[in-house]
Amino acid sequence: MPGTLLLITGAPASGKTRLARLLMARVGGVCCSKDEIKDTLFEVLGTGDALWSRRLSDASFALLFQWGARLLSDQPLVLMDGNFRPGEHEPVLRGLLSRGAARTAQVLCVADPDIRAARLAARAADPDRHPGHRDRLLAVGARDAAGFLDLPGPQWQFDSDRDDPQGQADLCDRLLSWLATT
């Protein structure tokens, strides 16, 4: 059976990584995070201005897609989290999916702008968060082109404003139900 790709997308500080970790724990699979790759690139290549950060984001996505293709050939479920760019990332993802005859689903994380702003401020003060992410300089709304990618498969929206065990359980149930279909 071909692998399944679950894309977890959304604007910065919308809860993507937290949801990806929760789903991985409850549903299984392997997880690849764009920000984890970017952290490594910051460590090796250094930080810089907004243009440099965007170049490292582009490189992080390229590596994410390369490794995702390899993982899909070996794993039944691959979760990718990142602020995927509608209108830009679909061609490479379509190619990745067609090579392995994989199927895909998407979860779009959303959060109130005030909550996202508070999360960005908390990240900026977190000594474990790499300063190269420029969280302190991100303005909520400035990079909110987040949305579903034009790819086949189900799409679910997840509101990460509050800790909602029932909402998380419902999303897990929908995902498990879909995964059970062939």
*Should the pair W156 and W178 be assigned to parallel (<30°), tilted (30 to 60°) or perpendicular (>60°) ring geometry?*
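Answer is perpendicular, since the angle exceeds 60°.
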
*Side chains of R85 and S57: do they bring a donor and an acceptor to under 3.5 Å?*
no

*Are F148 and F84 connected, step by step, through hydrophobic side chains (Ile, Leu, Val, Met, Phe, Trp, Tyr) whose heavy atoms are closer than 4.5 Å?*
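No, separate clusters.
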
_Quick check on the hydrophobic clustering: are I115 and L120 connected, directly or via other members, by side-chain heavy-atom contacts under 4.5 Å?_
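They do not share one cluster, since no chain of ILVMFWY contacts under 4.5 Å joins I115 to L120.
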
Drop me the distance from [X]'s [atom1] to [Y]'s [atom2], to the nearest 0.5 angstrom.
| X | Y | atom1 | atom2 | result |
| --- | --- | --- | --- | --- |
| L96 | E90 | CG | CD | 13.5 Å |
| F158 | L23 | CZ | CG | 8.0 Å |
| L45 | W52 | CG | CH2 | 5.0 Å |
| L77 | L72 | CG | CG | 9.0 Å |
| M24 | L19 | CE | CG | 11.5 Å |
| L79 | I8 | CG | CD1 | 4.5 Å |

When you compare the side chain of [Y] with that of [X], does any pair of heavy atoms fall below 4.5 Å?
| X | Y | result |
| --- | --- | --- |
| L151 | L7 | yes |
| L108 | V110 | yes |
| F61 | N83 | yes |
| L149 | Q155 | no |
| H89 | F65 | yes |

*With no hydrogens and no angle check, is any side-chain donor or acceptor of T47 less than 3.5 Å from a backbone partner on F42?*
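No; zero donor-acceptor contacts below 3.5 Å.
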
Mind listing the side-chain donor-acceptor pairs of residues 168-175 below 3.5 Å, one per line with the distance, residues two or more places apart or on another chain?
unit_1, atom_1, unit_2, atom_2, d
Q168, NE2, D163, OD1, 3.4
D170, OD1, Q166, NE2, 2.7

Looking only at non-hydrogen atoms, find the nearest pair between [X] and [Y] and report the distance.
| X | Y | result |
| --- | --- | --- |
| L179 | V27 | CD1-CG1, 3.6 Å |
| S60 | L41 | OG-CD1, 3.5 Å |
| G46 | L56 | O-CD1, 3.8 Å |
| R103 | T181 | NH1-O, 3.0 Å |
| A111 | A13 | CB-O, 4.5 Å |
| L64 | C32 | CD1-CB, 3.2 Å |

*Could you give all pairs that pass the side chain to side chain donor-acceptor pair (under 3.5 Å) test and reach residues 15-33, with sequence neighbours left out?*
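Passing the test, one end in residues 15-33: T17-D81, S33-D81.
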
*Who are the salt bridge (charged side-chain N to carboxylate O under 4.0 Å, His left out) partners of R55, not counting sequence neighbours?*
none

*asked:* Does W67, at its CH2 atom, have more than 12 non-hydrogen atoms belonging to other residues, nucleotides or ligands within less than 6.0 Å?
replied: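 Check fails, neighbour count at 12 or below.
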
